[in-house]
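Because only heavy atoms are used, hydrogens play no part in the values below, and waters and symmetry mates are left out as well, while side chains stay in. Both counts, for ligands and for their atoms, begin at 1 and track the order of listing.
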Amino acid sequence: MSDNLVIVESPTKAKTITRILGDDFRVVPSMGHIIDLPAKKLGVDVEDEFKPTYTVIPSRKKLLAQLKKEAKGKKNIYIATDPDREGEAIGWQIKEKVFKGKNVLRVSFHEITPHAVKEAFKNAREFDIRMIEAQVGRRVLDRLVGYFLSPLLWKKIARGLSAGRVQSVGLRLIVERERQIQGFVPSEYWEIAAELSKAGVAGESGFRAKLDKIDGRKAEVKSEAEAGRICDLLKGREFKVQEVRKTEKKRYPPAPFITSTMQQEAFNKLKFNASKTMLIAQQLYEGIDIGEDNPVGLITYMRTDSPNVSVEAIAEVREHIGRSFGKNFLPEKPNVFKAKKSAQEAHEAVRPSYVGRFPESLKGFLDRDQFRLYELIYNRFLASQMKPAEFLATAVDIAAGEYLFLASGSHLIFEGFLSAYSKNDSVEKEEEEEEKEKNENQIPPLAQGEMLFLNNLLPSQHFTKPPARFSDSSLIKALEEEGIGRPSTYAPIISTIILRDYVRRIKGYLYPSELGFKVNDMLVEYFPKVINLSFTASIEEKLDEVEEGRLERVKVLQEFYLPFKENLDFAQANIVKEVITTDQVCDKCGKPMIVKWGRRGKFLSCSGFPECKNSKSITTGVKCPIENCGGELIERHSRRGFFYGCSNFPKCTFTSRNLPEDKEGGQEGGPENAQS
Ligand SMILES: [Zn+2]
Ligand SMILES: [Zn+2]
């Protein structure tokens with residue numbers, strides 16, 4: 001029998017580690033938290049330093065007894081949960097509740113490889129109390145908000161609603177963006193392009209120049225008539241090269257992935273939403289059977305905000321780049337990337353755990369999504385240690401009297417990192433299109449003073465565009481820039497507001513629902529001090545300080561609770577039920593019908609309730625696609641998010657995430673059995 005007991009979170013991780021540690025160690029999964037704040041009470045003493053009362057989660061009592069049994073006769077107990085706040089806290093709870101009085105040590109590693117795991121066991125340590133303090137602080141804050149806000153939402157809008165601290169700020173960003181879009185008035189403008197060629201080679205494939213300046217000022221053409229006038233004038237003009245500028249430009253490789261950039265790129269390139277990316281990354285991290293008896297961990301830990309890479313991994317990847325791409329792709333010294341201020345130095349970027357495991361060689365072992373994410377992580381890591389790409393950019397000023405045209409083009413002279421990773425994640429869509437245009441514009445060799453032949457003038461109409469709706473990718477970017485959210489929270493922020501049906505993901509974009517607008521407006525009106533970007537960012541920063549041991553947990557809680565309590569007292573005294581009237585009349589008693597929200601979504605109710613209990617569904621007017629059903633589709637939501645259901649439920653159980661004509665999209669969770 002083995003002398004040592006090791007506790008990890010999941011069965012897969014247990015298997016992967018068993019393979020590395022051998023028979024002397026018994027590895028057992030804990031499946032996440034065992035204790036938590038009580039489900040039905042506040043569980044926090046706001047009068048006494050916000051002390052939390054933790055209780056064993058009822059469904060975990062059996063497991064707790066099992067773990068106690070496992071510990072009998074073991075000399076050493078090791079807790080090897082994930083290497084972050086959450087993992088540290090889960091481990092600590094297990095030590096305190098299950099193994100009190102025993103010899104329990106913490107081991108943490110960022111990748112499940114023989115080297116990393118064995119090193120971690122050599123360096124087994126005591127628990128990091130500061131990390132646990134930060135986690136408890138976050139849990140208590142979120143509990144205070146959830147516990148006190150929900151009843152107010154019930155009072156004003158509908159029973160069963162809830163609101164979280166950080167998610168509400170995410171919702172606010174989405175609602176405010178939607179209002180900007182709704183309020184946007186597009187304005188017309190015109191662009192004028194000239195198709196030119198070297199004199200004497202008229203008709204040959206020309207190049208394009210755009211009208212840039214008029215009389216030395218930025219050209220602004222507002223109407224078709226104005227564009228026409230300018231074109232008529234230009235037809236008689238001489239076009240003459242005024243200046244040719246050639247510059248060499250470098251584009252530097254991106255840093256290896258951290259959680260936020262991985263989520264953004266997996267969305268942009270693979271169309272994975274943030275939760276899906278994290279789920280697959282976790283599978284790759286915990287271990288996958290690749291024909292070597294037991295699972296093997298393929299990537300480093302997926303929750304990280306540090307772009308650091310271990311010395312060994314750098315040596316490995318440089319060796320590989322030199323051999324596979326050639327010495328000229330390898331920078332003299334390794335590329336170094338700076339972490340954000342809040343990032344933890346000890347953490348590592350998300351990268352393959354072994355560069356020798358080429359994506360192609362794993363094709364038979366990974367499913368399609370696992371393969372694509374692994375390949376993305378792999379190539380991004382390669383690219384991060386390669387040389388910059390080099391371009392030659394050409395800009396030519398061409399004068400036609402007081403009208404100045406600009407021709408720009410660029411071509412690649414050295415591929416560099418682009419040979420491993422196609423695009424830099426910092427290139428936005430519009431920039432990208434502009435770049436493409438430039439690459440396609442073939443400017444012939446031109447000299448100052450040279451006369452050009454005008455082949456054609458091409459005026460085109462445009463309209464200014466409203467800001468783009470958020471996607472998973474751009475929302476995560478915005479949250480990160482605002483200092484809100486951390487590696488472990490980006491994905492849950494989005495999935496939570498979608499599951500509550502405050503936001504709907506339609507064709508990859510995030511739209512607030514009617515309910516989302518209502519919840520947000522109430523929170524912003526009554527909790528301006530708390531549901532606020534800069535305040536939330538400062539609280540996140542203070543939790544980081546708790547983790548660094550520079551601030552006490554109770555200080556952060558006080559700093560949050562005072563303004564919160566002020567808003568809360570006012571809200572509790574002033575919030576009243578909102579009545580949304582309609583022009584429909586009750587067909588039983590003649591009173592007006594009003595809109596109400598229930599557990600399953602919006603419906604019409606008689607304003608004479610409870611005397612008259614008449615109620616009606618609000619249908620979308622779209623027919624149920626089930627043959628001979630005759631029902632209409634209704635917006636509904638359940639614990640698993642938003643969906644469309646049939647008005648003939650329970651006779652007809654048709655459900656769909658989208659209206660039938662709308663094939664794409666994709667919501668969090670599934671509509672399956674959602675009505676039960
Ligand atoms: Zn009625
Ligand atoms: Zn139906």
May I have the angle between C606 SG and C589 SG with its vertex at the Zn ion (ligand 1), rounded to 10°?
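The SG/SG angle about the Zn ion (ligand 1) sits at 100°.
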Kindly indicate whether a cation-pi arrangement holds for K507 with Y509, taking the cut-offs as under 6.0 Å to the six-membered ring centre and within 45° of the axis.
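Checked: cation-pi criterion not met.
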Just to be careful: counting only protein atoms that are N, O or S, how many fall under 2.8 Å of the Zn ion (ligand 2)?
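Atoms of protein N, O or S type lying less than 2.8 Å from the Zn ion (ligand 2) total 4.
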Using atom types as modelled, flag every donor-acceptor pair under 3.5 Å from a side chain in residues 585-594 to any protein atom, sequence neighbours excluded.
unit_1, atom_1, unit_2, atom_2, d
D587, OD1, N614, ND2, 2.9

Centroid-centroid distance, F527 to F564, less than 6.0 Å
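Aromatic pair counts; centres sit under 6.0 Å.
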Using a cut-off of 6.0 Å, state whether more than 12 heavy atoms not belonging to K577 lie near its atom NZ.
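Count over threshold, so yes.
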Would you mind reporting whether D369 and R372 have side-chain heavy atoms less than 4.5 Å apart?
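A side-chain contact under 4.5 Å exists here.
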Would you say I494 and L475 make side-chain contact, with heavy atoms under 4.5 Å?
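Contact flag for I494/L475 side chains = yes.
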